[in-house]
Novice: 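I'd like to ask you about the structure that follows.
Residue numbering restarts at 1 for every chain, and letters A, B, ... go by the order of the sequence lines. Please read these numbers as outputs of a predicted model, since none were measured by experiment.
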Amino acid sequence: MHVLSFDTETSISDSIHGPSFRDKSNDIYTQIFAAHPKTVEVVHNENGFKRKLATSLYDVDLLIGHNLSFDLCYLISGQDEQFEKFILKGGEQWDTQLAEYLLTGQQHTFSSLAELQFKYLKQKIKSDRISYLYKKRIGADKIVKARNRCKRLFALYEEYCRSDGSTPLLIFKAQYERAKKEGMLELIKMVNAYALTLSYVSCTGICLDLEKVENSLREFNLKHIEYLEQARNILIKNVWTDKRLPPFNINSPDHKSAALFGGTIKVIEKRQVGYYKPKPIYEEIETGIYTKEEFYDAINDNYYTVKKPIIKRQLIGFEESKPKYKNFEIFIDVKGFGIPKSFTYRAKKEGLYATDDAVMKRIATHTKNEDVKTYCELQKKSMMFKKAAKTYCQAFLDRNIDGKLYPHFNTTLTKTGRLSSSEPNLQNVSKRNEFGKILHSMFVAPKGWKCVQIDFSQLEIWVLAWLSDDALLIKHLLDGTDLHIVRLQYYNSDKTYEELYKLCKVDKDPYWDKQRTFAKTVSYQMAYGAMPPKVTESTGLDLEIVKTIFEKEAQTYVDAANFSVKVRESIEKTATYSKAYDIPASEKRGKNGHNVFGNVELLPIFDKDKNVCYNKQSLRRVGYWQSPTGMKFHFLDSGREYKGKLNRSFSFTQPKNYPMQGTAANIQGATTAALLRMLVEKKDKIQMINEVHDSKWFYVREDVLDNCLKHLKTTIENVPKIFLEKFNLEVPFNFPVEIEVGDNFAEMTKYQF
DNA sequence: TACCTTGGCGCC
DNA sequence: AAAAGGCGCCAAGGTA
């Protein structure tokens, strides 16, 4: 196997994109190749490489680098032919940052090359002079152009580059051995292929209907202000009466809490505290007396004297004295509507109560005060419009480049191995509320193309069925049983499943349809590990009913219900002390950060107010569970002070969720990775543009839609084939997908072959 | 000024 | 005794 370490040094634009490929003005100015730690090749081009490779990859099988997607996105967006050939012949990548993230069971996120250099090679970090320049936004373009002027700096730069070339090779070797030993080699290979595919996805971008975005932004902002004004009018009438209060701020938790439950609002008041000392006014008067001053004339080399009048300063009065102000904090009591505290709960800050959606709903349904009811509605509406305007429309306008969005996919961040998306985050664009349609209709297909969305149905449930090997759950999934109705039947035992199915799905009886929605909520909450009291709180279902659902669920799907027990056993069995070097530097900072003591982590101990403290006798433990794909999930314990005694435990809820969420992420990853070569081969017919956990977004050319979708469907659904090839694992069933097609991502219809 | 923490809310 | 998982973004309020 021929491996090659690859790294680039690039310019850094001064736009919001910084050093990213997203900014067209950025380019590669240095390329670093290392096939062997001792033979590092560093090539510069002071005019930029125009995003093209400076070498051929014809004999390379594996590209190695640290945070490779950064470099590869330049080549991909530069349409480099060498690189395309490399992919088509089955070339792979090994990203040392990604590998480290997986090897540490998603503990070490965004590791730096320097951290790994120390971890694996025990080498202290080299001169950070160049990193300093980068931080100051002095990019490789400037350094390379200054190569003749700043010889010493350039020598340092080349040394930095050589190290960036050789270090990943050495780290790769160590990681490879470790991965083999820990049964993670195939997983790391697969996730690297996934990340490589995502590099392609993020380079493709999503087309926006900019006119629609701009119009919606205006409209949403106007509506936000309109509702806000109405809300303010109600408050001014009732509770926001004190003239010293600032205008009611709908984004301020302090204001909202005070208006409903009462409280104090801090106001900075500028008060006059006397006067400044008046400034004297002088007049300058010539006295008629002169002095002689001697000067030296350097050109003629002689001295000369000058006559200078003596001026006297005479006080003629004072300026008007200026008033002196000082800021005072004053606390204004707001009586509020006097809503009972039982509708809400205490926030962390003294005297502050939560005003979130659930609280507001509770108030709105129980209050007899019409003003309160109207206020609740107005507050909600105003906030929703603000959110839609700022978080989505405004962000789309700020982030788009020539009408396209290029989301950033973070592959080395989450605890469970899921992807995260940012700048902008396209994984949380409103879908269910009234903005869902309009926001999604902004994502459009280019002319001649269709929008295609392929979703796994109930992915995490299928994963649970597979991992727990629960015979009944598998049977129910395969024969298409509606699991929500199964749960509905738990507490409506006078009816059969068939009767309930008819009521909900055939007759669409509103009462039973609503009941099914409750059961559905319970289903999701159970999947997240919620316990009966919490479920009661959020669904309004009777505690006894919820308890019944939990009990019957455990009796019905015995193995599925017991699955987390096995995970917990593994955590206990594998538990060791949490090591400082697996915690990224960024998480060691701040009040809520990990508290490291030497090489180990200290146990966070929470008191009843959830304040954290540490003592040097209690070290934190960490245990893990390893999935069939090799994925490791880590679980940290925490302490609790109770009646002077320290109780420490691992979370009960995380083991109920991490394995399913993470394995679902593996399935999403493996199926996306399986598309890579096809996406490169058929880039004029199929383009992948986004992923949202269990769904994949594409553009597909209209004239080849049917064929392409067939191909996509069979590739993605056939998880057993992929898992057998990649992991030598037998998965007993396909994972069904649903396909939707449309002109934009709002108006989609189910695709029938 | 820049950073951190919190509350709130959007998604799966 | 009690326990709803995983994210990112905006805005406010506080602190260094």
Side-chain angles (χ1 to χ4, degrees), chain A residues 106 109 246 249-257 265-266 268 329 344-345 347-349 352-360 379-380 383-384 386-392 394-395 398-399 407-410 413-433 435-436 439-440 455-456 458-460 521-539 564 586 589-593 606 608 610 633 635 638 640-643 645 647 649-662 664-665 668 690-695:
Chain A
Q106 298 79 250
T109 57
N249 183 345
I250 204 136
N251 290 317
S252 163
D254 291 10
H255 287 195
K256 282 183 287 190
S257 173
I265 297 295
K266 192 172 109 177
I268 304 293
E329 286 183 352
T344 179
Y345 54 93
K348 256 194 175 169
K349 194 168 146 187
L352 186 71
Y353 294 90
T355 53
D356 60 40
D357 198 43
V359 172
M360 297 305 288
Q379 185 204 291
K380 169 88 183 166
M383 284 170 63
M384 280 176 81
K386 175 99 176 177
K387 173 110 182 164
K390 294 298 285 185
T391 306
Y392 302 114
Q394 188 67 58
D398 293 345
R399 297 272 172 197
H408 192 98
F409 296 113
N410 304 307
L413 188 144
T414 66
K415 297 246 178 306
T416 57
R418 260 195 185 177
L419 215 59
S420 97
S421 157
S422 57
E423 298 175 342
N425 180 358
L426 290 186
Q427 292 182 328
N428 72 345
V429 181
S430 310
K431 206 174 176 187
R432 288 190 286 262
N433 65 24
F435 300 101
L439 289 174
H440 276 80
D455 288 29
F456 284 106
Q458 308 191 75
L459 180 55
E460 287 186 27
T521 312
V522 179
S523 302
Y524 285 117
Q525 291 183 331
M526 281 199 293
Y528 295 154
M531 298 299 265
K534 254 309 195 242
V535 176
T536 301
E537 198 188 305
S538 53
T539 57
S564 69
S586 59
R589 288 199 295 265
K591 188 156 74 101
N592 296 331
F606 298 94
K608 60 182 185 310
K610 293 187 178 174
F633 300 99
F635 303 88
S638 57
R640 192 182 292 261
E641 199 76 64
Y642 184 71
K643 287 185 182 165
K645 217 174 134 263
N647 294 321
S649 62
F650 292 100
S651 160
F652 258 57
T653 48
Q654 287 171 348
K656 293 188 178 184
N657 187 249
Y658 279 27
M660 272 59 77
Q661 192 182 113
Q668 172 78 328
N690 192 23
E691 272 203 11
V692 189
H693 305 309
D694 56 7
S695 94

Novice: Scan residues 650-662 of chain A for pairs that pass salt bridge (charged side-chain N to carboxylate O under 4.0 Å, His left out), counting only residues two or more places apart or in two chains.
Specialist: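 Residue pairs with at least one partner in residues 650-662 of chain A: there are none.
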
Novice: Tell me: CD1 of A:Ile250 to C1' of B:dG7, nearest whole Å?
Specialist: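 Rounded to the whole Å, the gap is 14 Å.
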
Novice: How many Å lie between CE on A:Met384 and C1' on B:dG10, as a whole number?
Specialist: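 For the pair A:Met384 CE and B:dG10 C1', the rounded distance is 10 Å.
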
Novice: Indicate every side-chain donor-acceptor pair of residues 352-359 of chain A with a distance under 3.5 Å to a residue at least two apart or in another chain.
Specialist:
unit_1: A:Asp356; atom_1: OD1; unit_2: A:Ala358; atom_2: N; d: 3.2
unit_1: A:Asp356; atom_1: OD1; unit_2: A:Val359; atom_2: N; d: 3.2
unit_1: A:Asp356; atom_1: OD2; unit_2: A:Tyr345; atom_2: OH; d: 2.6
unit_1: A:Asp357; atom_1: OD1; unit_2: A:Lys380; atom_2: NZ; d: 3.0
unit_1: A:Asp357; atom_1: OD2; unit_2: A:Lys361; atom_2: NZ; d: 3.1

Novice: Can you measure from OG (A:Ser421) to CG (A:Leu413) and round to the nearest 0.5 angstrom?
Specialist: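 CG of A:Leu413 is found 11.5 Å from OG of A:Ser421.
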
Novice: Applying side-chain hydrogen bond (donor to acceptor under 3.5 Å, both in side chains), can you list everything that pairs with A:Gln668, at least two apart in sequence or on another chain?
Specialist: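 side-chain hydrogen bond (donor to acceptor under 3.5 Å, both in side chains) check on A:Gln668 returns A:Glu691, A:Lys696.
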
Novice: A:Arg432 has an atom CZ; how far is it from atom P of B:dG10, in whole Å?
Specialist: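 Checked: the CZ to P distance equals 9 Å.
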
Novice: Mind checking A:Thr355 for me? I need base, sugar-phosphate or nothing, with any heavy atom below 4.0 Å counting as a touch.
Specialist: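 It contacts sugar-phosphate atoms only.
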
Novice: Rounded to whole angstroms, how far apart are NZ on A:Lys386 and C1' on B:dC9?
Specialist: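 After rounding, the reported distance stands at 14 Å.
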
Novice: Measure from CE on A:Met526 to P on B:dC12 and round the result to the nearest Å.
Specialist: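 Those two atoms, CE and P, are 20 Å apart.
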
Novice: What interatomic distance, in whole Å, is found between C1' of B:dC12 and the corresponding atom of C:dA4?
Specialist: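 C:dA4 and B:dC12 have their C1' atoms separated by 14 Å.
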
Novice: Find the distance A:Lys380:NZ to B:dG8:C1' and express it as a whole number of Å.
Specialist: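 In whole Å, B:dG8 C1' lies 10 Å from A:Lys380 NZ.
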
Novice: Please list, for nucleotides 1-5 of chain B, all pairs of protein and nucleotide N/O atoms separated by less than 3.5 Å.
Specialist:
unit_1: B:dT5; atom_1: OP1; unit_2: A:Lys591; atom_2: N; d: 2.6

Novice: Nearest 0.5 Å, please: how far is OG1 in A:Thr416 from CE in A:Met660?
Specialist: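 Result: 11.5 Å between the selected atoms.
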
Novice: Please list, pair by pair, any protein nitrogen or oxygen found under 3.5 Å from a nitrogen or oxygen in nucleotides 13-16 of chain C.
Specialist:
unit_1: C:dG13; atom_1: OP1; unit_2: A:Ser252; atom_2: OG; d: 2.9
unit_1: C:dG14; atom_1: OP2; unit_2: A:Lys266; atom_2: NZ; d: 3.3

Novice: Give A:Met383 one of three labels, base, sugar-phosphate or nothing, depending on what nucleic acid heavy atoms sit under 4.0 Å from its own.
Specialist: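 Since only primed, P, OP1 and OP2 atoms lie under 4.0 Å of A:Met383, the category is sugar-phosphate.
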
Novice: Give, for atom CD of A:Gln525 and atom OG1 of A:Thr539, the distance between the pair rounded to the nearest 0.5 Å.
Specialist: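 Those atoms lie 6.5 Å apart.
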
Novice: Heavy atoms under 4.0 Å is the rule here; annotate nucleotides 3-9 of chain C 5' to 3' with B where the base is hit, S where only the sugar-phosphate is, and - elsewhere.
Specialist: BBBBSBS

Novice: Who pairs with A:Thr414 by side-chain hydrogen bond (donor to acceptor under 3.5 Å, both in side chains), at least two apart in sequence or on another chain?
Specialist: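 Only A:Tyr101 meet the side-chain hydrogen bond (donor to acceptor under 3.5 Å, both in side chains) criterion with A:Thr414.
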
Novice: Using a 3.5 Å limit on both pairing distances, list the dot-bracket string of DNA chain C from the 5' end; Watson-Crick and G-U wobble pairs count, crossing pairs take [ ], interstrand pairs take |.
Specialist: ....||||||||||||

Novice: At 4.0 Å (heavy atoms only), tell me whether A:Ala354 reaches a base, stays on the sugar-phosphate, or touches nothing.
Specialist: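 The answer is sugar-phosphate, as A:Ala354 gets under 4.0 Å only of primed atoms, P, OP1 or OP2.
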
Novice: Report the residues that fulfil side-chain hydrogen bond (donor to acceptor under 3.5 Å, both in side chains) with A:Lys348, sequence neighbours left out, ordered by chain and then residue number.
Specialist: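 Result, side-chain hydrogen bond (donor to acceptor under 3.5 Å, both in side chains) vs A:Lys348: none returned.
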
Novice: Taking side chain as C-beta onward, heavy atoms only, is A:His255 less than 4.5 Å from A:Ile250?
Specialist: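 No, side chains not in contact.
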
Novice: Scan residues 413-423 of chain A for pairs that pass salt bridge (charged side-chain N to carboxylate O under 4.0 Å, His left out), counting only residues two or more places apart or in two chains.
Specialist: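 Residue pairs with at least one partner in residues 413-423 of chain A: A:Arg418-A:Glu460.
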
Novice: What is the distance, rounded to the nearest whole Å, between atom CG of A:Asp357 and atom C1' of B:dC11?
Specialist: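 Answer to the nearest Å: 15 Å.
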
Novice: Pick base, sugar-phosphate or nothing for A:Val535, based on heavy-atom distances below 4.0 Å to the nucleic acid.
Specialist: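 If one applies the 4.0 Å heavy-atom cut-off, A:Val535 turns out to touch nothing in the nucleic acid.
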
Novice: Mind checking the CZ-CG spacing from A:Arg399 to A:Asn425? Nearest 0.5 Å is all I need.
Specialist: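 It comes to 11.0 Å.
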
Novice: Mind checking side chain to side chain contact (heavy atoms under 4.5 Å, CB included) for A:Gln654 and listing every partner two or more places apart, or none if nothing turns up?
Specialist: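 Once residues adjacent in sequence are excluded, the partners of A:Gln654 under the side chain to side chain contact (heavy atoms under 4.5 Å, CB included) criterion are A:Phe635, A:Ser651, A:Tyr658.
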
Novice: Just how far, in rounded Å, is C1' of B:dC9 from CD of A:Gln379?
Specialist: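 A:Gln379 atom CD is separated from B:dC9 atom C1' by 12 Å.
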
Novice: Using the side-chain hydrogen bond (donor to acceptor under 3.5 Å, both in side chains) criterion, which residues pair with A:Gln394? Sequence neighbours excluded.
Specialist: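 A:Asp398.
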
Novice: Which value, rounded to the nearest 0.5 Å, describes the distance between A:Asn428 atom CG and A:Tyr392 atom OH?
Specialist: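 One gets 4.0 Å once the value is rounded to the nearest 0.5 Å.
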
